[in-house]
J.: 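This is the structure I want to talk about, given as structure tokens.
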Amino acid sequence: MTEQPEGQRREDEGAEKSATGVVDLGVYRQSLDPLPVTFHRRELDAILWIYGRMVGEGEWRDYAIDHLKDRAVFSVFKRSGEYPLYRIEKNPKLAAKQGAFSVIATDGRILKRGHDLRQVLKVFDKALKALD
């Protein structure tokens, strides 16, 4: 057996300790599962303002919020047991292209898409004008 220099032994011992060392669970989970996409407070305020107006007019009755890995979705329902009438989605991957925000109808048609949520939500103002 050959004798290793003192400095070499310390490096080998350090490698063994780091391989069997303690790992911070929060850091480990974030490396495996990134945090889901969420609506920021101002975005949620704008959506809930439209939602409140439509509930007051009797058009919408229920909602659901989903925070997924790739997007956040606010779904609105006429009745809670049905498919959503509309989905308001935030997809950060599309922010540089067509805009992160979109309003999607029940049949999957994108009614409006853009970079500014308030501009995208104006699609509901046009729908009301068309009905009058």
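The first residue in the sequence is number 1, and the count goes up from there.
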J.: Go through the steps for Ile104 and Ile88 under the test side chain to side chain contact (heavy atoms under 4.5 Å, CB included), then give the verdict.
T.: CA-CA 6 Å; Ile104 303 170; Ile88 301 165; over 6 Å; no
J.: Ignoring hydrogens and angles, tell me if any N or O in the side chain of Lys112 forms a donor-acceptor pair with the backbone of Lys122 under 3.5 Å.
T.: no
J.: If you measure from CD on Glu43 to CG on Leu48, what distance do you get to the nearest 0.5 Å?
T.: 12.0 Å
J.: Are Ile110 and Phe124 co-members of a hydrophobic cluster defined by side-chain heavy atoms under 4.5 Å apart?
T.: no
J.: Rounded to the nearest 0.5 Å, what's the gap from CZ on Arg61 to CD on Glu59? Could you check?
T.: 9.0 Å
J.: Could you state the interatomic distance from CG (Asp62) to CG (Leu85), rounded to the nearest 0.5 Å?
T.: 10.5 Å
J.: Examine Tyr86 together with Phe74 and report whether their ring centres are nearer than 6.0 Å.
T.: no
J.: In plain terms, say whether Asp125 and Arg53 are close enough for a salt bridge, that is, a side-chain N and a carboxylate O under 4.0 Å apart.
T.: yes
J.: For the NZ atom of Lys90 and the OG atom of Ser102, what is their distance to the nearest 0.5 Å?
T.: 12.5 Å
J.: Using every non-hydrogen atom in the two residues, find where Gly58 and Lys78 come nearest and quote the distance to one decimal.
T.: O-NZ, 2.9 Å
J.: Does Thr106 use its side chain to pair, donor to acceptor, with the backbone of Pro84 at less than 3.5 Å?
T.: yes
J.: Only pairs at least two apart or in different chains count here, so list each salt bridge (charged side-chain N to carboxylate O under 4.0 Å, His left out) that has a residue in residues 94-108.
T.: Asp107-Arg109
J.: Would you say that Lys69 contacts Pro36 through its side chain, given a criterion of any heavy-atom pair below 4.5 Å between the two side chains?
T.: no
J.: What's the separation between atom CG in Asp70 and atom NZ in Lys93, rounded to the nearest 0.5 Å?
T.: 5.5 Å
J.: Show, in sequence, the C-alpha distance, side-chain angles and deciding distance for Arg113 and Leu94, and conclude whether the side chain to side chain contact (heavy atoms under 4.5 Å, CB included) test is met.
T.: CA-CA 10 Å; Arg113 176 178 280 158; Leu94 298 175; 4.2 Å; yes
J.: Taking C-beta and beyond as the side chain, do Val120 and His115 meet within less than 4.5 Å on heavy atoms?
T.: no
J.: Are Tyr63 and Tyr51 an aromatic pair by the rule of ring centers under 6.0 Å?
T.: yes
J.: Once rounded to the nearest 0.5 Å, what's the spacing between atom CH2 of Trp60 and atom CZ of Arg79?
T.: 15.5 Å
J.: Indicate if Leu68 and Leu117 have the same hydrophobic cluster label, given that clusters are the connected sets of ILVMFWY residues with side-chain heavy-atom separations under 4.5 angstrom.
T.: no
J.: With hydrophobic residues grouped by side-chain heavy-atom distances under 4.5 Å, do Val73 and Tyr83 end up in a single group?
T.: no
J.: Would you mind reporting whether Thr38 and Leu44 have side-chain heavy atoms less than 4.5 Å apart?
T.: no
J.: Can you get from Ile47 to Val37 by hopping between Ile, Leu, Val, Met, Phe, Trp and Tyr side chains that sit under 4.5 Å apart?
T.: no
J.: Where the side chain of Gln119 meets the backbone of Asp116, is there a donor-acceptor pair that is under 3.5 Å apart?
T.: no
